[in-house]
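To start, the structure under review is shown below, and the notes come after it.
The shown structure was predicted, so the numbers you read here are calculated from the model rather than taken from an experiment. What's counted below: heavy atoms across the whole structure, side chains too, no hydrogens, waters or symmetry copies. Sequence lines set the chain letters: A, B, ... in the order given, protein chains first and strands last, and positions in each chain run from 1.
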Amino acid sequence: MEQPMSQAIENRAGPLAMWTSSYYSWVLRKSFINPHIGKVRNMLQKVRQQWKDLVEAQLASYAKEVVGEEIASTLVPLAVQTPPKPELGDIAFPLFAYAKALKVAPPKIAADLKTRIEGLADRPAGELLLAGPYLNVKADIAALAADLSAEIHEKGDAFGSNTNRAGTKVMIEFSCPNTNKPLHLGHMRNDSLGESVSAILKANGADVRKVNLVNNRGVHICKSMLAYQKFGNGETPESSGIKGDHLVGKYYVRFAQWEKEDPTATEQAQAMLKKWEEGDPEVLALWNTMNTWTLDGLAESYRKMGVSFDAYYYESNTYKLGKDEVLKGLEKGVFYREADGSVWIDLAEIKLDRKVLLRKDGTSLYMTQDLGTAVARHNDWPFDSLIYVVASEQNYHFKVLFYVLEKLGYSWAKNLHHLSYGMVNLPDGKMKSREGTVVDADDLVDQLTSLAADEIRAKERESEVGDVDATAHAIALAALNYYLLQVSPTKDMVFNPAESISFNGNTGPYLQYMGARISSMLRKYAEMETGYASVPFDPALLDLEDERELIKSLAAYPEAVAKAGAEYDPSIITAYLYDLSRLFSRWYHDNQILKAGTPALVKARVELSAMVLQVLRNAFALVGIPYLPTM
RNA sequence: GCGCUCGUAGCUCAGCUGGAUAGAGCGCCGGACUUCGAAUCCGUAGGUCGCAGGUUCGAAUCCUGCCGGGCGCACCA
């Protein structure tokens with residue numbers, strides 16, 4: 001049966017489109033959350049906790065008074081929430097849940113608690129507000145701002161980082177390209193996720209090792225080799241001026257054409273694979289040459305995309321691995337052998353059928369290789385956990401892989417995680433190589449870079465920006481990474497080319513622009529007459545509603561980092577960034593900073609702006625947005 | 001068929017360990033640049049949160065069923 005190119009064997013970035021996560025990965029994700037999370041509290045959480053403890057204690061004694069006996073232990077724990085609108089306060093305690101037990105209407109409970117707490121001599125700074133069935137607290141933001149300022153100055157680039165995963169070694173596998181064609185949009189989501197999650201885990205204290213598993217062998221690789229042999233006429237990247245990966249990709253496509261004319265094409269490719277496995281010098285030489293072309297091309301693409309790895313693994317070295325593991329399992333009795341010699345595992349325990357682990361001729365399969373590769377990697381670098389960034393169509397594969405490793409008795413098997421992500425579709429549907437709708441990674445970056453350069457020229461900012469190309473490239477990366485990371489990983493997403501090239505609205509360049517504006521303003525401040533150095537920072541002056549919101553948002557950044565780390569989800573950071581930027585943008589638009597009324601006010605607002613810039617930069621680093629002082 | 005997964009405004013997405021009128025961006029319409037960068041800001045219109053039940057004082061959020069989309073169910077990778 002004819003196999004369309006789009007369904008040909010694909011690498012781990014998935015076919016041209018990729019999919020979505022499963023209950024399984026959810027379970028793993030949950031179980032994988034580091035137990036230390038929760039011990040580290042940021043300032044905002046501290047304030048919330050203080051108030052919660054206080055309100056909870058008062059609620060208990062109030063309940064005792066009303067009911068006439070001790071019932072605190074029967075009450076549901078107090079919920080802490082954030083009011084939907086700033087004017088309602090900063091912390092909210094809904095009291096619905098206590099109406100039944102106390103036989104008192106929630107608004108009255110709220111009012112009574114307010115009176116009690118206000119009667120206390122010793123209570124945290126802040127103001128209590130009544131809002132129907134809610135008891136709300138308007139926190140002491142000035143104190144928060146003072147703490148925040150001190151901490152951001154002290155920690156700088158490290159502000160927001162935590163030690164949740166300190167002392168743990170995390171290996172993360174991503175990208176995993178085939179060496180028969182260039183990178184496309186599907187890889188880009190994979191690469192963005194891999195890079196971002198790596199940065200996020202580092203910010204959570206982990207020792208991270210990024211690895212790439214290059215799929216450089218197999219019948220699909222032989223296809224491009226064969227087509228090149230037949231139609232290549234000795235063409236090289238140098239002679240043709242075509243980037244190596246694109247040149248090899250050209251022959252992969254050429255094979256597909258030829259295959260339609262010559263029904264023996266696939267057979268010939270298989271024969272070539274056999275020769276490769278036998279070590280045929282001529283085949284190996286061609287394989288080496290073409291692989292080098294592709295790998296050189298891919299290296300350039302990675303550089304262009306800001307992607308890098310600490311180690312490369314090649315399937316040509318690993319494809320035979322795993323056989324020993326399967327035989328070990330057979331001895332242990334966790335696997336069984338069929339009459340024909342093939343080895344299987346029974347998956348009834350995880351409510352699946354059964355899976356073959358070794359062919360009847362004793363050779364390895366995809367699963368076998370992955371078993372061996374995991375063990376080999378743990379020997380290379382004894383990780384505490386290993387994350388596979390692989391499209392969700394392989395959910396089943398990883399579910400089985402992790403189960404098998406656990407059955408083999410590896411203690412680290414329970415810390416394997418499949419970071420499963422959904423496919424990237426185009427507005428018209430899936431990308432299909434046959435229909436030429438594949439979005440090429442190099443083209444996309446180049447196109448975005450050139451559009452950004454046009455924009456810089458249109459705004460006549462060339463001289464201020466200096467290196468237009470470098471700046472345009474940084475803008476392109478921001479646009480791409482942000483676009484790809486703002487969607488929750490598990491979901492399929494639509495890549496709209498027209499939208500992706502927009503630099504306005506909820507985009508990476510918008511965020512960069514906020515950074516550039518603050519940076520520009522701070523440069524002006526530095527040039528202003530001296531004298532501000534002696535003006536003390538008075539956080540009490542930051543009492544506008546927008547300022548309170550900004551301060552709370554800044555204080556919430558460490559929480560976002562911890563959550564993104566616990567859930568392997570960069571979209572938490574992108575959402576945070578947009579929220580912070582929008583707050584800043586509005587405040588900046590409505591208020592003067594450098595020309596504020598008094599030196600003390602200038603100082604306070606400059607300080608707030610500087611804090612925003614620092615946090616923006618820290619968050620940028622986690623989601624692949626280059627910081628630009630000017631753009 | 002079985003399994004997994006997704007279904008929120010015209011489009012792209014947030015919100016989902018249950019809570020106060022469901023939020024953004026794009027697009028539409030209308031405002032704001034002699035003033036710290038307008039790649040900006042503000043406003044109007046636009047929603048039976050796929051449908052139906054259930055649990056609950058309270059459901060976009062949890063449970064069940066159904067409908068619709070995607071993916072997977074190879075001795076391929």
Syn/anti state of B:C33 by chi, 90° boundary around 0: syn
For RNA chain B, what residues of residues 570-582 of chain A have any heavy atom nearer than 4.0 Å? A:Tyr578
Between B:A20, B:G19, B:C75, which nucleotide gets closest to the side-chain atoms of A:Leu88? B:A20
Go through A:Asn481 and A:Ser196 one step at a time and tell me if the side-chain contact (heavy atoms from CB on, under 4.5 Å) criterion holds. CA-CA 9 Å; A:Asn481 283 323; A:Ser196 179; over 6 Å; no
Gap in Å between the two C1' atoms, one belonging to B:C51 and one to B:A14, rounded: 24 Å
Please set out all donor-acceptor pairs under 3.5 angstrom arising from side-chain atoms of residues 78-85 of chain A, sequence neighbours excluded.
none

Whole-angstrom distance between B:G54 and B:A60, as gauged at atom P: 15 Å
Looking only at atom P, what distance separates B:C63 and B:U55, rounded to whole Å? 16 Å
Would A:Tyr482 and A:Tyr578 count as a ring pair (Phe, Tyr, Trp, His ring centres under 6.0 Å) here? Give the steps. CA-CA 10 Å; A:Tyr482 187 77; A:Tyr578 183 65; 7.3 Å; no
Under 4.0 Å, heavy atoms only, any strand: does A:Pro427 hit a base, just the sugar-phosphate, or nothing? nothing
Ring-plane angle category for A:Phe495 and A:Tyr483, please: parallel below 30°, perpendicular beyond 60°, tilted otherwise. perpendicular
Please state the P separation for the pair B:G23 and B:A45 - nearest whole angstrom. 13 Å
What are the atom names and distances for every N/O pair under 3.5 Å that joins the protein to nucleotides 8-13 of chain B?
residue : atom : partner  : partner atom : Å
B:C13   : OP1  : A:Val494 : N            : 2.5

Does the base of B:C26 carry an N or O that pairs as donor and acceptor with the side chain of A:Ser502 under 3.5 Å? no
What integer number of Å spans the P atoms of B:G68 and B:G50? 16 Å
Identify, with sequence neighbours excluded, every residue that meets salt bridge (charged side-chain N to carboxylate O under 4.0 Å, His left out) alongside A:Arg337. none
Which atoms of nucleotides 45-47 of chain B (N or O only) lie under 3.5 Å from a protein N or O atom, and what are those distances?
none

Stems in RNA chain B: runs of 3 or more consecutive Watson-Crick or G-U pairs, distances under 3.5 Å? B:1-7 with B:67-73, B:10-13 with B:23-26, B:29-32 with B:40-43, B:50-54 with B:62-66
Are side-chain N/O atoms of A:Ser609 and A:Arg605 paired as donor and acceptor at under 3.5 Å? no
Mind calculating the distance between CG (A:Asp353) and P (B:C75) to the nearest angstrom? 11 Å
Please confirm whether the backbone N or O of A:Leu321 pairs with a side-chain atom of A:Thr318, one donor and one acceptor, at under 3.5 Å? no
So which pairs with a foot in residues 586-600 of chain A pass salt bridge (Lys or Arg N to Asp or Glu O under 4.0 Å), sequence neighbours left out? A:Asp546-A:Arg586
Counting only N and O atoms by type, is there a donor-acceptor contact under 3.5 Å from the side chain of A:Glu547 to the main-chain atoms of A:Leu608? no
Under 4.0 Å, heavy atoms only, any strand: does A:Ala131 hit a base, just the sugar-phosphate, or nothing? base
I'd like the C1' distance from B:C6 over to B:C42, given in whole Å. 36 Å
Would one find a side-chain N or O of A:Ser585 under 4.0 angstrom from OP1 or OP2 of B:C41? yes
Summary of protein contacts for nucleotides 32-39 of chain B, nucleotide by nucleotide, where a base hit scores B, a sugar-phosphate-only hit scores S (4.0 Å, heavy atoms): ---SBBSB
Separation of B:C16 P from A:Gln81 CD (nearest whole Å): 12 Å
Do the side chain of A:Asn506 and the base of B:A14 come within less than 3.5 angstrom through a donor-acceptor pair of N or O atoms? no
Nearest whole Å is fine: how far is B:G3 C1' from A:Phe398 CZ? 18 Å
Nearest-Å distance once atom C1' is located in both B:A9 and B:U48: 13 Å
I'd like to check the salt bridge (charged side-chain N to carboxylate O under 4.0 Å, His left out) partners of A:Lys274; sequence neighbours left out, ordered by chain and number. A:Glu278
Using a 3.5 Å distance criterion without hydrogens, assess whether the side chain of A:Arg359 forms a donor-acceptor pair with backbone atoms of A:Ser342. no
Counting distance only, does the side-chain N/O of A:Ser224 pair as donor-acceptor with the main-chain N or O of A:Ile221 below 3.5 Å? yes
B:G72 P sits how many Å from A:Lys355 NZ, rounded? 13 Å
Nearest heavy-atom pair of A:Ser585 and A:Met514: which atoms, and what distance? OG-CE, 3.3 Å
Whichever of A:Asn136 and A:Asp569 has the more 5' nearest nucleotide on RNA chain B, that residue is A:Asp569
What orientation do A:Tyr525 and A:Tyr532 show, parallel under 30°, tilted 30 to 60°, or perpendicular over 60°? tilted
Under the side-chain hydrogen bond (donor to acceptor under 3.5 Å, both in side chains) test, which residues partner A:Glu455, sequence neighbours left out? A:Lys459
Which part of the nucleic acid does A:Lys351 contact within heavy-atom distance under 4.0 Å: base, sugar-phosphate only, or nothing? nothing
Applying side-chain hydrogen bond (donor to acceptor under 3.5 Å, both in side chains) to A:Tyr588 and not counting sequence neighbours gives none
Would you mind reading off the distance between A:Lys223 atom NZ and B:A77 atom P, rounded to a whole angstrom? 13 Å
Rounded interatomic separation in angstrom, taking OH from A:Tyr482 and P from B:G25: 11 Å
What is the distance, rounded to the nearest whole Å, between atom CZ of A:Arg586 and atom P of B:G25? 11 Å
Answer with base, sugar-phosphate or nothing: what part of the nucleic acid does A:Ala92 contact at a heavy-atom distance below 4.0 Å? base
Residue list, side-chain hydrogen bond (donor to acceptor under 3.5 Å, both in side chains) with A:Glu325, at least two apart or on another chain: A:Lys328, A:Tyr410
Gap in Å between the two C1' atoms, one belonging to B:U35 and one to B:C41, rounded: 15 Å
Relative to the ring of A:Tyr319, is the ring of A:Trp276 parallel (under 30°), tilted (30 to 60°) or perpendicular (over 60°)? tilted
Electrostatic pair A:Glu277:A:Arg217 at N-O distance under 4.0 angstrom: yes
Over how many whole Å does the gap from A:Asn395 atom CG to B:G72 atom C1' extend? 8 Å
